[in-house]
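Encoded as structure tokens, the structure appears first; notes follow it.
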Amino acid sequence: MAIKLVRSARNPIIEPRPELSWERKATFNPGAVMDGGVVNILYRAVSEEGISSLGYAEIVDGETVVRRSREPVLSPSGPHEEFGCEDPRITAVDGTCYVFYTAYSRKGTRIALASTRDFRNYERHGVVGPDLDDKDCALFPQSLDGEAVVVHRVAPNIQLDFFQSIDQMRISNPYWKDYGKRVEANTIMKPRCKWEERKIGIGPPPIRTQDGWLMIYHGVDSHSVYRAGAALLDLENPRRVIARIPEPILEPERSFERVGLVPNVVFPEGAVVVNDILKVFYGGADKVCCVASVPMKLMLEALEAHS
Ligand code: BMA
């Protein structure tokens, strides 16, 4: 039987507050990280003028918002993000949360990095990744053989790269020079099914499980419908995809996923595991934030059946 995420009855859990111009148009695509009983959320907010910045929300019991920032916590700063900061993915390492987001400018999309320990104060680390259209970047929550691991997406496929330190991911690292010629060699996953035929990109940062790194990702079909899928990467060698479920685990069905700023989009970006339940935070129709969940055991069994 195909596995599907089960939506919270409370969806959408975050909607635009019309009185705040910086998020009047949309609040979607939530990155998430767990800290004690609290889920810290950063979401993409779109202003009246169509510029994106990042807002903050604090969630308890997996779906109740108890606090939201009145101001954006990260706003565009500098020419590389003149059109906005979009799509944050958050990974916590030793108390520091690394936020990889899309910096959008007239040059296209680049990956930018900020870090925070408290979700109030942020340090900006500028552009990381190659000087190419790149996005959908997430850091693994632990290093492998002493190296930091990141996935990112030079369309239409997903790439994975290793670095001695997070600092080495900067655009100025000679490693990125001529990356365009080496994209194929660093590609780990390509579109395979009809529902993801146009392109794929990671959702939340990979989650360590006993069977492998769980990778929730999005796929776009030829009609621009965004769905979510699941795959498993080998624990020691994450370049190796060891399982991949052929059917989407979530697709636009509800009105808040079908009608919004962009129709027919579910876009997962955050995930936490609470009492062995996987909770996935996602954007609905580029307008609102939602959450859906599944027992981790069922997810791993479904992946096992497609290994
Ligand atoms: C991507 C990004 C996301 C968005 C998606 C669907 O390119 O812009 O923020 O959710 O398209 O419109």
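Excluded from the calculations below are hydrogen atoms, water molecules and symmetry mates; all remaining heavy atoms, backbone and side chain alike, are included. Since we're looking at a predicted model, the values are computed, not measured. Whatever order the structure lists ligands and atoms in, that order sets their numbers, starting from 1.
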the protein heavy atom lying closest to atom 12 (O) of ligand 1 turns out to be Asp286 OD2, 2.7 Å
Counting from 1 in the order shown, the ligand 1 atoms closer than 4.0 Å to a non-hydrogen atom of Tyr226 are 1 (C), 5 (C), 6 (C), 7 (O), 11 (O)
message = Same cluster or not: Ile277 versus Ile216, using hydrophobic residues (I, L, V, M, F, W, Y) connected whenever any side-chain heavy atoms lie under 4.5 Å apart?
response = no
So, Glu196 and Arg244, do they make that salt bridge, N to O below 4.0 Å?
yes
Students should find that the hydrophobic cluster of Phe83, defined by side-chain heavy atoms under 4.5 Å apart, otherwise consists of Tyr104
At under 4.0 Å between heavy atoms, what of Thr102 touches ligand 1? The answer is neither
Quick one: side chains of residues 288-307, donor-acceptor pairs under 3.5 Å with protein atoms, not counting sequence neighbours, listed by atom name and distance.
residue, atom, partner, partner atom, Å
Lys297, NZ, Glu301, OE2, 3.0
Ser307, OG, Glu304, O, 2.8

For atom 2 (C) of ligand 1, the closest protein heavy atom turns out to be Asp87 OD2, 3.4 Å
Taking only non-hydrogen atoms of Val262 and a 4.0 Å limit, the atoms of ligand 1 in range are 12 (O)
Closest non-hydrogen atoms of Pro141 and Pro206, given as atom of the first, atom of the second and distance, are CD-O, 3.4 Å
the protein heavy atom lying closest to atom 8 (O) of ligand 1 turns out to be Arg44 NH1, 3.4 Å
Closest heavy-atom approach to atom 7 (O) of ligand 1 among Lys135, Lys199, Glu86 is made by Lys135
message: Tell me whether Glu269 is salt-bridged to Arg44, with the criterion being a basic N under 4.0 Å from an acidic carboxylate O.
response: no
